[in-house]
Amino acid sequence: MKCKSLVILLFVCGFFALAAAEEGSGPPDSTHVDSIPPPTPVSMLTARDSENDHGHSVTLMWELSTDDGAGQNSVLSYEIFRWVPFFMDTLQSIRDSLAGAEGTIAEQLRKRRDQAIAMIPGAHKSYPEQGGWRKIGTALSGQSSYEDVGVKDRGSPDYMADHTDYYYLVDAVTADPAIRAPSEIVGPVQSFGQFFNTGRIPVFVAVLVFGLLTILFVTRARRGAELYVRPLAGIEAVDDAIGRATEMGKPILYVLGLGSAADIGTIASFTILGRVAKRVAEYQTKLIVPCYDPIVMTVAQETVKAAFLDAGRPDDYYEDIVYFVTQSQFAYVAAVNGTMLRELPATNMYMGVFFAESLILAETGALAGSIQIAGTDQVAQLPFFIVACDYTLIGEELYAASAYLGREPILLGSLKAQDYAKAAVIILAALGLLAASLNWTAFINLFSVTS
Amino acid sequence: MRRQIPLALVFIFGVFMIFQYFVPHESSEWIYEFLLDWIYIIGIFALALGIWSLIRVSVAKIKTRKSGWGYPVITMAGLFLMILFGFTGYRDGSWGFHFMTAEGLSNPMFRNFFDYIMIPIQSTMFALLAFFIASAAYRAFRARNVLASLLLVAALVVMLRFNPYLGPFGTIIADTASWLLNVPNLAAKRAIIIGIGLGMVGTALKIILGIERGYMGKG
Amino acid sequence: MRRTTIIAMAVVLGLFILSWILRSASYVTVQEHYLIGGLKVTFSAFLTLAILSFLYKDNPFYKFAEHLFVGVSAAFWMSMGFWTTIVGNLVPRISQSLSEFFQVPYQPGSYNFVYFIPVILGIMLLMRLSRNRGWLARWPLAFIVGTTAGLNFVRYLRSDFMEQVSATFVPLFVDWKGVGYFISHFSLSASGQFVAIVANWVIFLGVICGIIYFFFSKEHKGVFGAASRVGIWVLMITFGASFGYTVMGRISLLVGRITFLFRDWLGWIS
Amino acid sequence: MLDVTFGIPLVVLSDVGQAISLLLIGGGLLWIFIRSLKAKEVDRRVVFLFIFFAVAAPILFPITFQEKATPIVKKLFDKVESLPAGSKVLIAFDFDPAMAPEVQPMANAFTRHCLVKGYKVIFMSLWATGQALLTQTLERVVKGEFPEKQEGVDYINLGYKAGNEGVLNVIVTNFRMMFPTDVNGVPLDSTAVFDGIKSCGDLDLIISVGGGKPGIKEWVLFVGDRVNVPMGAGVAAVVAPQLYPYYPKQLLGLLGGVKGAAEYESELVKHYSRFEHTDTPGLRMMGPQTLAHVVIMAFIVIGNISYFIGRRRERRR
């Protein structure tokens, strides 16, 4: 079977070899005479596997032609060529016919394609026979590197096989495309994927440091170390607000924002919702939680249900405390606005991820005469909440809120870890300042994440 | 068991996602892409739950026949009409159950509902901000204390750029405004973002380690 | 209420007839029948006015537009989600016959069986509706939360923490060439050395004081308290400036809506 | 009367509608101001109504405010104004349709200004999508408003050339190497515009209008910094802050966003009466903006006055 397909492939190869020969492959010769004298070629061309990637890519580097930006200043661009065996055309023809095929034929073709792909490294071994140079890209004048990035998708014509011998050359090209100067050929070079991204070592170190710091403080807090936390006005307002709602006999509106359950801001909001729901259950106040995201709704239902259970009032819970509205930003806002003016809640809480609707909600809430407490990690929306709400938890305070409300030592312990990280930031910033002023690039480079 | 398995899942997937960040190799990338695809697919199932919730709440309101019970009827009519248009259409010369093509949904009514109902309401809701930004400014920008005064003055300086009748002061105002937006703005945003970064990282870590489980219904 | 409703409806209808007369000539170029086109635009304009009427107070027109919008948009996202994610992404990978039914190209692969996992997780999520299997819904939630927490952990550690910290590494004395040079080249212009130096000082001190404001476990007293106060001042100045800056964009949005009413609907301006 | 307007007419009024709407808004604000002296709060619906009028009136009756050009705009205008007749100016259209509403008014204003001064103008684009917009300006502004100007003699369209900053790299030393002919295939040597122009160094002014890459930054780095030609630019509002550092050394002046365009148009209208009836989209778009900003600021002031008066009254009690 394998032998048979090989014969077919060779036959097709031959056909394409003829076709390609007729087309005239390779960089055109500079026979055309014009006013522009031929430029000098690039020098020191090197090729190697691109670092810190998934493979399928080769990086070329060279020294500029002396006529680029200097000398005759005639070089407009560089054209990059790769040696491509004719066999790749065969492969492409299989891909083309596969695109239009259906059913069992498609399955056979796919098998054939995968066999052909396995043969790519072998086909490149025949260099410089049975193949030709093909332009793969252009670099502008002044650029001295080019990354030949292929894709990993086998169905794509840009697929670039790993562990294959590639050969490259670079032409210095003038305004007249016929006038150009080819470089030396480099190769063979192979591309392959790496298992560790060395460009991300600083992040790795930070992960370890931060992880250890958190674990350290959490275990310390578990052992019962006393921790001070400064008061936050927004948090203290939560209890008052629930009390006020109970007195007035009006509901509390809790808006989780437009985030998905994947946003950390929303997750922090769930924890706050849990605390609020527990108090609400204790005071027997009405709670309204309209949701934008269905998964958020599901989680919020779980949270509220558990809070009512915790408060010893599971019978007061009903599913429609938390309900879904729609997954469209302004339709959601329109509905919440309507709810505010019809139910006239005593307190509106906006906790989580918000976008442009922040001000629409907060102003309508103010119109309805509700006390408003907001908290978001969206920096762009903070000004509007600050202006229109009574209390606003700024950025990090939103995350701290769950620890504050719960007063659980473990959660407070992680706050302490964050404070230490902040102290470290201040020290690092001061050191970095010194480094930048005194040109200690080595120190600055310690923090640069390169890929 | 009902709690331990989910917590273990959180830990396993969380740790995996951290490690895959440092492994550029194709195999790690491959799993990463699968996992992200899964999240979208699960999201559609969740949307079904959401629609179910919307229908239940609306029907409950309609059943009570309390004042305003007609409005949920409009919601339901819009919902079912749009679903109908989303799944039927004109194709190959006949009407019927239809399929989305590369050009989008082939039912012209779907397009019409989008263009003439969703778009105007959406952009008008957005435009309400022009009014609310004015009323918020009127209501809240009062020099009650130092903080409120700073807020007020900074906002006024930036807005004054648009007053063409300042003559020679125009330049000073414009320069001050752009300085405010470029320098202190950068400093404050950076401080907030560093704080948020730490808070997020801390919370994410607590979630992975199973310390923070508010999202799992244990408040 | 009923009377004002009728009056409002009459006004809208009157405006429509007026615009129809004014614009009847300009519909000639439109392929669609001008009456249908006019009705569509009028309905959009009615919805626009209905939403704007909310500014006066909550009223039946707003309620109508709101409820219609909620229903239509929920269905819109459901249809789009179904066609793009379920049919576009899932079906071609798990079933050939379903692919043929939905007329999407089947994409077989040796690892496609893993796509059954999200389907199973999705069905577990639907178990929420069942009274005694509801706890199964936690599995998919745990999967989503765990995956994204891990993803966000490294992502934000890098973008919101490391990159922001290293961005504060700026020299406090920009292009410092000695005191004499500084004094002889002193200028208040935006590209001058003095302004650049002041900017870097303000940024550095602003960031430090801002971070100090966010300390939770230390009492804000003494020098620490002073720094935290400066921090909140810088934050407030920033919030004020950002607020003032946003006004321009919000007014543009309203310009767009009013232009729609005057031009596309009433034809008062060209 | 105190000259609060610093010599500029307050507003250009041309019909009754404008006058009535401005009177309504101004009078209303005055009335509210007087009420505020009695420490009365304004209902928010009144604020809404004023905002609606402030935005709607300038749309319905195009009210244009005289913009006082800021130095960064004025310097560029003065430079264009002060060149001798017959000077050679290059205007680059480096933008796409998405940016066009914001920056094309600038390009049109530059074109009008150069043509009315009798300069020889060279048009080109580094953006493939910019060519259509360039043609639009040629049809409407050049051919529509200046029918006496001849292509090849008074202006020339080089069109779009691929190669981004590579193009600049070449034309900085030799135009003909990159553009042997203009967009219509006419050799540059046979045109009067290119008489005596070999490279960018022979131009008297280069103006780049854009907002992306390649754009003003590339013009400055590849051309402005290498040959000593004055440069001006018009950019979208979002990128303007990134370009301020180039002013005033590498860029003579800079128009940022609709406001910059409006300031330039305003100067143009002020200096040349023939442009009084030309469409000035920059100024037109600034009408609602200016009025709305003024109204909001007025309400902030009113709010503070009633707040302080109310507080004093309470203290007295």
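Quick caveat, the model's predicted, so the values are computed rather than measured. By convention in this document, chain letters (A, B, ...) are assigned in the order of the sequence lines, proteins followed by strands, and residues within each chain are numbered from 1.
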V387(A) versus chain C, the contacting section by heavy-atom distance below 4.5 Å: side chain
- prompt: So, does S437(A) use its side chain to make a donor-acceptor pair with the main chain of P171(C) at under 3.5 Å?
  reply: no
- prompt: So which part of T364(A) gets closer than 4.5 Å to some heavy atom of chain C, the side chain, the backbone, both or neither?
  reply: side chain
message: Can you tell me which portion of E319(A) sits under 4.5 Å from chain C's heavy atoms? Options are side chain, backbone, both or neither.
response: side chain
message: Counting only non-hydrogen atoms closer than 4.5 Å, does L433(A) touch chain C with its backbone (N, CA, C, O), its side chain (CB onward), both, or neither?
response: both
query: Under 4.0 Å between a Lys/Arg side-chain N and an Asp/Glu carboxylate O for R230(A) and E219(C)?
result: no
message: Between F69(C) and F330(A), is there a side-chain heavy-atom distance shorter than 4.5 Å?
response: yes
- request: For the residue pair I386(A) and M236(C), establish whether any side-chain heavy-atom pair is separated by less than 4.5 Å.
  value: yes
query: Under 4.5 Å between any side-chain heavy atoms of R128(C) and E302(A), yes or no?
result: yes
- prompt: By a 4.5 Å heavy-atom criterion (distance strictly below it), what part of A423(A) contacts chain C: side chain, backbone, both, or neither?
  reply: both
- request: Go through the atoms of Y404(A) and report whether side chain, backbone, both or neither lie under 4.5 Å from a heavy atom of chain C.
  value: side chain
statement: One option among V229(A), L382(A), I426(A), I295(A) has the most heavy-atom pairs under 4.5 Å with chain C, and it is I426(A)
- line: Counting heavy-atom pairs under 4.5 Å with chain C, the top scorer among Q301(A), E363(A), R342(A) is R342(A)
message: Using heavy-atom distances under 4.5 Å, tell me whether V165(C) contacts chain A through its side chain, its backbone, both, or neither.
response: side chain
Side-chain heavy-atom pair T246(C), F384(A) within 4.5 angstrom cut-off: yes
field: Rounded distance (nearest 0.5 Å) linking atom CG of L367(A) with atom NZ of K57(C)
entry: 12.0 Å
- prompt: Between G240(C), G81(C), S73(C), which shows the greatest number of heavy-atom pairs under 4.5 Å with chain A?
  reply: S73(C)
query: Which answer fits I267(A), side chain, backbone, both or neither, if we ask what part of it has an atom under 4.5 Å from a heavy atom of chain C?
result: side chain
query: Could you name the residues of residues 209-218 of chain C that have a heavy atom within less than 4.5 Å of a heavy atom in chain A?
result: I211(C), I212(C), Y213(C), F214(C), F215(C), F216(C), S217(C), K218(C)
- prompt: Okay, side chain of N152(C), backbone of A262(A): is any donor-acceptor separation there less than 3.5 Å?
  reply: yes
- prompt: More than 12 foreign heavy atoms under 6.0 Å from CZ of F355(A): is that the case here?
  reply: yes
